[in-house]
Amino acid sequence: MSELEPGQVAQIGANIDAVRGRIEAACQRVGRDPGEVRLLPVSKTHPPPALMAAHAAGISRFGENRVQELVAKAGQLDPALGIEFALIGPLQSNKAGRAVQCAVEFQALDSLKLAANLDRRLQALGRSLDVLVEVNTSGEATKHGLAPHDVPGFAAELAAFDALNVRGLMTIAVLSPDTGQVAGCFRMLRELRDRLRDDQVAGSDWPELSMGMSGDFELAIEHGATCVRVGTAIFGARPPLTPA
Ligand SMILES: *Cc1c(COP(=O)(O)O)cnc(C)c1O
């Protein structure tokens with residue numbers, strides 16, 4: 001288990017406080033209750049002691065985007081801490097078994113084949129899993145998630161999977177300095193969600209809108225986010241991406 005530099009534990013705690021303050025301020029600007037917005041710290045690439053530092057600041061659920069890393073970290077943390085994981089990245093079918101054992105939430109559902117696979121494994125374990133459907137609101141070919149026009153049909157099919165608790169939608173907005181474009185992604189996700197909720201698609205109220213990261217979480221809150229996934233602003237910069 002790699003150690004943290006001296007001062008990093010305190011820094012992580014201070015960063016969490018600062019992000020919480022920014023969440024509250026964003027809520028105040030648009031008259032929302034801060035209790036409606038969940039902070040999901042994203043711990044990918046950061047070692048278990050970083051998670052323990054965040055845990056000491058009151059965080060008990062973390063976002064990870066790779067199953068292998070999530071499973072490895074879960075195994076290195078004391079179960080008595082009660083730390084939980086949300087898988088927020090793509091899941092390959094051959095890793096679905098490990099994912100359902102270690103994650104309590106999956107935010108990147110975008111295939112019915114995967115939904116069926118997860119459901120079958122969960123039924124066998126007598127468990128259920130909170131799921132969010134990932135939507136590609138930016139139209140970028142490199143992004144995962146369903147095209148917006150495919151979401152209603154996909155969502156309706158989820159009614160068949162009893163072990164999946166359908167909770168809402170997730171997106172990664174376009175990475176752009178143009179706030180109008182970023183806001184357009186958030187607005188699109190919210191409109192899709194509102195329609196699903198109004199129609200009670202798959203018997204769900206679709207309460208969750210997971211949108212907003214370090215660079216855009218305040219804007220996402222102003223557009224209705226109920227979960228913001230914040231990595232860098234809490235844990236600091238990550239090493240450059242390496243292929244999975
Ligand atoms: C890494 C990641 C985040 C956090 O990104 P930051 O910009 O570091 O806050 C959020 N969501 C997903 C899906 C991610 O993979």
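Both ligands and their constituent atoms are indexed starting at 1 by order of listing.
- Looking only at side-chain heavy atoms (C-beta outward), Thr232 and Arg238 come within less than 4.5 Å of each other.
- Counting heavy atoms only, Arg229 comes closest to atom 11 (N) of ligand 1 of the residues Lys44, Met170, Met211, Arg229.
- A side-chain contact (heavy atoms from CB on, under 4.5 Å) with Leu109 is found for one member of Leu87, Leu158, Val166 and no other, namely Leu158.
- Asp199 has no carboxylate O lying under 4.0 Å from a charged side-chain N of Arg195, or vice versa, which leaves the two without a salt bridge.
- A salt bridge does not link Glu64 to Lys44: none of the charged nitrogens lies less than 4.0 Å from a carboxylate oxygen.
- Residue-ligand proximity, Ile172 to ligand 1, at heavy-atom distances under 4.0 Å covers atoms 13 (C).
- Listed by number with element, the atoms of ligand 1 under 4.0 angstrom from any heavy atom of Ser214 are 6 (P), 7 (O), 8 (O), 9 (O).
- A heavy-atom separation below 4.0 Å is found between Arg238 and ligand 1.
- Distances from atom 13 (C) of ligand 1 to the heavy atoms of Asn65, Ile88, Thr45 show the closest one on Ile88.
- The single protein non-hydrogen atom nearest to atom 5 (O) of ligand 1 is Met213 CE, 3.6 Å, given as residue, atom name and distance.
- Residue contacts with ligand 1 for Thr232 involve both N, CA, C or O and side-chain atoms from C-beta outward (heavy atoms, distance under 4.0 Å).
- Using a 4.5 Å heavy-atom cutoff, the side chains of Val135 and Phe154 are not in contact.
- The distance from ligand 1 to the heavy atoms of Val230 drops below 4.0 Å at these ligand atoms: 9 (O).
- Salt-bridge formation is detected for the pair Arg38/Glu208: a Lys NZ or Arg NE/NH1/NH2 atom is positioned less than 4.0 Å from an Asp or Glu carboxylate oxygen.
- Between Glu105 and Arg167 there is no salt bridge, since no side-chain nitrogen of the basic residue lies less than 4.0 Å from a carboxylate oxygen of the acidic one.
- For ligand 1, the polar-atom distance check finds no N/O of Ala233 at less than 3.5 Å from any of the ligand's N/O atoms.
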